[in-house]
Every structure is written in C-alpha cells, then in structure tokens.
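For reference, the structure discussed in these notes is given below.
Every chain is numbered from 1, with letters handed out A, B, ... down the list of sequences. Source: prediction; values computed, not measured.
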2 protein chains.
Amino acid sequence: MLSPIFYAGEEENLLAFLSDQKATQIILLADANTNGFCIPLFRSLFPSLSNCSRIIIPQGEVNKNIDVCNFIWQELNVLQADTKTIVLNIGGGMLSDIGGFACSVYKRGIEFINIPTTLLAMVDAAYGGKTGIDFQGYKNHIGTFHAAKAIYCQPQYFDTLNERILWSGIAEMTKHALLSNEKDWQNLIHFQRNDFLSIEQIKKSLAIKMKFVEGDEHDQSKRQCLNLGHSLGHAIESYSLQTASPLLHGEAIILGLYYELKLSEQYFDLPANISALTKSLKEKFFAQLQFNFNYSDIAPFLLQDKKNHEGIRMSLLKHIGHCEHGIIVQENHIQALFS
Amino acid sequence: MLSPIFYAGEEENLLAFLSDQKATQIILLADANTNGFCIPLFRSLFPSLSNCSRIIIPQGEVNKNIDVCNFIWQELNVLQADTKTIVLNIGGGMLSDIGGFACSVYKRGIEFINIPTTLLAMVDAAYGGKTGIDFQGYKNHIGTFHAAKAIYCQPQYFDTLNERILWSGIAEMTKHALLSNEKDWQNLIHFQRNDFLSIEQIKKSLAIKMKFVEGDEHDQSKRQCLNLGHSLGHAIESYSLQTASPLLHGEAIILGLYYELKLSEQYFDLPANISALTKSLKEKFFAQLQFNFNYSDIAPFLLQDKKNHEGIRMSLLKHIGHCEHGIIVQENHIQALFS
C-alpha cells in the first residue's frame with residue numbers, strides 16, 4: 001500500500017492523520033544541519049509539536065553507519081520509546097535512510113513519518129520504503145523495506161539549502177523523465193531552474209517513481225528500472241566517499257546516468273542525443289562538478305554488487321520510457337567507458 | 001505464509017527444495033559449539049553440502065549483539081554473498097535469532113533456513129519469523145519479522161546437548177500445552193523425560209504455536225498469547241545475564257510462567273493447581289535451578305517493556321486453552337509476588 005503524502009498547506013490534515021495513529025509519543029529525528037536550519041520552520045508550521053523530544057545525529061552520508069544507528073537506538077531507549085511511538089525524520093535522504101532503518105528494527109519496527117528537506121529526498125529518498133545504512137564502503141548495504149507511515153512535502157525547506165545540495169536533486173528528476181515518456185523528457189530538458197522546484201513538478205516526478213514501486217515494493221522486477229544510473233552511480237559515490245572530495249548522491253547519479261546511457265547506446269542502440277542532452281543538463285546544473293577517477297577506483301564497489309559471474313546486471317534504457325532491468329553488461333565494456 | 005518444515009528422514013526433500021531456490025551460494029552459520037558438535041552430523045546427513053563456506057560466531061546469549069552482527073556482515077562481504085545467497089543457521093535459538101536478523105537486513109534481506117539443534121529452538125525459536133539481537137540488556141530489542149525459508153528438524157542433534165540445555169526446551173512446550181486444551185495439558189504433566197523428545201510431541205507443540213502465528217505474523221493480536229510467561233521471564237533472563245550465573249532462556253521462562261500464572265489467579269481466578277503443577281514440572285526438570293533476585297533487580301527490564309503509563313501489559317491465562325493478551329497489570333501486584 002502506498003503511503004499518503006501531505007503537501008505544503010495540508011498541515012492540518014497531517015496533524016489529524018497523526019492524531020488517528022494514537023501514538024504514545026512523537027519524537028523528532030534531525031541531523032546537526034536540519035536541527036539548526038529546518039526545525040525552526042517545522043515549529044512554526046506545527047506549533048503543537050514544538051515540544052516533542054529530539055534526537056540529533058551528525059550530518060552527512062559518512063555518518064550513515066551502524067555507529068550512528070546504535071546512538072539512535074540508545075536515545076530511543078533513554079526516551080522510553082515503545083511500539084506506539086512515532087518518529088518524524090526531518091532531513092535529506094541520509095536522514096530518512098538511517099532514521100527509517102533504525103526505526104524499522106527497533107522493537108521489530110516502530111512507525112516513522114518522513115519530512116524531506118531536500119529536493120532529492122522529496123522526489124526520491126523519502127518515498128518507497130527503502131531504508132538503509134552504508135557498510136564497509138558499500139551503499140545501503142544493511143537495510144530493510146519499511147515504508148514511512150506518511151510523507152510531508154514542504155518546498156519552503158529549499159530556502160535552507162545551499163545551491164550544491166539543492167541542485168543535487170535534479171539527477172533523480174532527470175532519471176524519472178527518462179523512464180516516463182517523450183513529452184516529460186522534452187519538458188525536462190527545457191526546464192529553467194525554478195521549474196524543478198515547483199510542487200507541480202515534484203508531484204509529477206514522484207508519480208513516475210510510484211508507478212515503478214507500486215506492486216513491486218520489494219524490488220524483484222519493474223522497480224529495478226529505478227536503478228537506472230545507480231550501478232555506476234553508487235560505485236562512483238562509494239569511491240568518492242573515501243576521497244577528500246566526496247560527491248553528493250545526486251552528483252554521482254548524474255555521472256552514473258550519463259555512463260549508463262552510453263552503455264544503453266551500445267546494448268540497445270539508444271540514440272546518442274539522449275546521453276548528450278543528459279551531459280548538457282549536467283553541465284548546466286552541476287557546473288562545479290569536477291571528479292576524476294579511473295575504472296580501477298570504482299571497480300571494487302561495482303563488482304561487490306554483481307549478481308553472478310557472467311557480468312554485471314544493470315538497468316539500461318531501450319528508448320525514452322522503456323527501460324530493461326537485469327541486463328548483463330560485460331566488465332570490459334564498462335572499463336572501455338573510462339579509458 | 002507458513003514456512004515448510006522438513007523432519008528427520010526428509011533430507012532428500014530439503015535438498016530438492018534448496019535446489020529449487022537456485023541459490024548462487026549456500027553458507028553455513030554456526031557458533032563455536034555447534035561448529036564442533038553439530039556440523040559433523042550435518043555433513044554426514046548432507047554430504048553434498050559438506051564443502052559450503054562457514055561463518056563461525058562465538059556461542060552464548062551474551063554474544064547475541066550488534067558486534068557479532070557486524071562480524072557476520074563482514075564475513076558475508078568476504079564471501080561475496082549476493083541477494084541469491086542462502087544461509088543455513090545451524091544452532092539453538094541464539095543462532096537463529098541473530099543469524100535471521102543479520103540475513104534479514106543484509107542487502108535488504110537474503111534468505112535463510114533454520115536448522116535448530118536444541119529442543120527449545122525446535123519447538124519455538126526456529127519457527128515464526130521473529131529475529132533479533134539483545135541491546136543494552138534488553139532481549140530481542142533490535143530485530144525484524146522475517147520467516148526462515150524452511151526449517152529442518154533433526155532430533156539426533158539432542159545427543160550433542162548437555163542436560164541443562166536439553167531440558168531448557170521444556171518451558172516453551174509447557175506454555176504451548178497451557179495455551180492448547182485440557183487434554184494436551186493433562187498429557188504433558190504426566191510426560192516422562194523421553195516423551196518431550198519425540199518427533200510426535202515436537203510436531204504437536206509446534207502445531208500449537210503455528211495456530212497463534214498464522215494470520216498474525218506481526219504480533220498485533222492473538223500471537224501475543226505466546227508471550228505468556230515472557231514479560232516476567234524476559235526481565236528475569238535480562239537481569240540474570242548481568243550476573244555471574246546467567247540463566248538459559250527456558251530456565252527464565254519456566255520461572256516467568258509460574259509467576260504469570262500466579263498473576264492469572266489474581267486477575268482471572270485461574271485455579272491454583274495450574275501454577276502448582278507448573279512448579280512441580282520446574283522441580284522435576286529444572287532441579288538444579290537456583291536463582292535469587294528481588295523485584296528491584298528485574299524492575300528496570302520490566303518497565304522498559306511497558307506499553308503505557310497505566311501499568312504493564314501482559315498475556316494472562318483465563319483457563320487452560322484460553323489466554324487473554326494486553327491485560328494491564330498493576331506494578332504493585334507484580335512487586336507483591338516477590339516480597
């Protein structure tokens with residue numbers, strides 16, 4: 001079942017929904033950044049929740065790990081959280097990933113509501129029930145499928161973001177348009193900056209994601225199409241997290257998308273203008289993005305993810321709106337992209 | 001859906017079932033004890049699985065923690081486990097609890113098969129999909145609902161157990177008889193030692209558990225009846241784990257059952273002969289059990305588990321075969337049991 005989404009202006013509906021849950025306690029989970037920049041807005045929007053207890057974790061993907069999970073569980077113990085406690089995850093994708101995971105296994109599962117504060121989290125991470133933490137350098141290696149009880153989408157949070165974090169969300173919106181249809185794709189490539197930030201476009205992007213999640217919540221078949229750009233994107237991101245200049249998730253994904261579209265040309269005769277347009281989007285919205293790596297840097301992360309010994313399974317694009325998952329890609333074809 | 005159980009003599013069926021799963025790899029998870037005492041029998045029963053990779057963890061409830069989980073995940077990484085890997089958990093309840101949990105969140109869930117080697121694990125822990133580890137002294141505080149893909153029940157493993165571990169399983173069988181009907185209860189109180197160890201009685205005991213699990217896998221209603229004896233039992237066990245003479249799970253549960261039957265007399269007029277007969281069973285099969293504690297020792301563990309501020313919710317017995325869950329028990333009534 002898909003989780004309800006409450007949009008800006010529907011604060012009363014969210015409060016009524018919360019009240020229906022008959023929670024014994026509501027706890028806010030934020031990171032050091034969102035605690036400073038987003039909690040004030042949250043309090044002004046929801047004065048009746050101003051005095052809820054808070055758990056504050058360190059910010060950044062590098063802290064999406066088991067130690068921070070341990071800390072969340074300890075804090076839940078201190079607050080005497082029970083199985084009728086509801087946690088509100090206030091932050092970007094890192095926060096809904098780790099907060100969702102920590103809740104999903106605490107006492108075998110307590111409910112949580114995601115309040116995404118970044119564009120990326122609004123169009124992707126907060127929705128669809130994938131939770132997780134990184135482990136030994138591998139992205140989301142330990143996790144669960146556990147959908148948020150609800151999501152609250154409030155674009156006012158964009159005012160709290162720096163440019164780099166804001167535009168990082170465009171990568172997943174680009175992926176959604178590629179998976180949708182020619183019209184959505186043509187629209188997106190002509191977007192001006194503000195178009196990406198409208199509630200209308202966020203809803204549209206989320207609706208595309210939903211179509212792939214619904215009926216395949218556990219990622220056994222069609223949902224894997226949402227992995228487009230992510231086999232290489234995750235490997236690039238994992239490697240970057242070990243360097244002095246880590247990439248944001250969306251930055252790694254726009255690179256992963258570009259390379260996987262190049263592979264799609266090779267495997268499915270995808271017209272070359274699609275990867276070229278994706279490259280233009282990258283240059284327009286990720287102008288500062290400079291990241292150098294060799295195939296040997298990302299190979300260990302890519303190979304750990306491989307499903308069998310025949311090659312590496314990826315989701316590739318046949319044409320706009322038609323993605324195929326589980327395509328076996330030869331390692332030497334990937335290697336050739338970077339030589 | 002309930003997991004299939006393969007009994008002694010059905011080894012070929014289990015192998016055929018395994019083959020149908022098309023696993024990329026089969027990994028054995030054992031503890032230091034079962035590695036020494038149970039793997040040899042496993043190899044003689046399943047020669048074709050003799051050369052599977054093994055992960056060996058330290059034995060004992062005290063090691064059912066997040067550090068050992070971390071170790072299992074690291075070992076799965078070393079073995080390049082993928083989402084089509086199947087883990088065989090060979091051991092008692094501690095092993096199926098932690099092994100099941102580690103698998104259920106590794107790459108958001110890989111399958112496992114439980115091969116219980118103790119009476120307690122055969123009649124209870126291996127079956128029903130509850131996984132978990134202890135955290136900050138609280139039993140199964142972090143866990144998931146994730147059913148084993150199958151269970152293999154082989155009473156030959158009893159020959160590997162010392163008496164104390166063997167008879168620890170009787171507590172859950174006693175609970176199942178209390179939850180079943182007058183006939184099963186009358187049978188059980190007249191059992192000789194070997195009766196408890198027969199495949200027929202193990203099947204019967206498991207069938208009672210199944211009736212409570214089926215349709216309530218996530219422990220929202222009738223399954224909570226299986227908690228009879230466990231509110232106090234878990235608190236006693238948790239406290240004992242911090243002392244120099246920790247109790248086995250079954251030992252704590254036979255004590256918990258006795259005290260919760262005393263509460264049932266008070267709350268539901270349960271006839272006093274039932275707690276008296278349970279005490280006789282304890283004296284017959286747990287003759288060495290000596291454990292002294294005060295209410296103040298177990299109170300912290302009991303109170304953390306409480307669901308609200310009105311009191312402590314328990315499952316209590318109205319009469320044989322009729323248990324009520326969610327009964328609010330006043331703290332002073334519990335305290336009086338131990339004064």
Crowding at [atom1], [X] (>12 non-hydrogen neighbours, <6.0 Å):
| X | atom1 | value |
| --- | --- | --- |
| K211(B) | NZ | no |
| N51(A) | CG | no |
| D20(A) | CG | yes |
| Q242(A) | CD | yes |

Please state whether the side chain, the backbone, both or neither of [X] comes within less than 4.5 Å of a heavy atom of chain B.
| X | answer |
| --- | --- |
| S104(A) | backbone |
| Q74(A) | both |
| I66(A) | side chain |

Legend entry - Heavy-atom pairs under 4.5 Å with chain A, option from T85(B), T131(B), D219(B) with the top count: T131(B)

Inset, instruction - Assess whether side-chain contact (heavy atoms from CB on, under 4.5 Å) is satisfied between Q136(B) and W73(A), documenting all intermediate values. - result: CA-CA 9 Å; Q136(B) 292 198 314; W73(A) 294 328; over 6 Å; no

Inset, instruction - Spell out, as yes or no, whether a donor-acceptor pair under 3.5 Å connects the side chain of R108(A) to the backbone of H218(B). - result: no

Inset, instruction - Could you grab the distance from atom CG of L76(A) to atom NE2 of H141(B), nearest 0.5 Å is fine? - result: 7.5 Å

Legend entry - Separation of N70(A) CG from N70(B) CG (nearest 0.5 Å): 8.0 Å

Legend entry - Greatest number of heavy atom pairs closer than 4.5 Å to chain B - which of F145(A), F101(A), F135(A): F135(A)

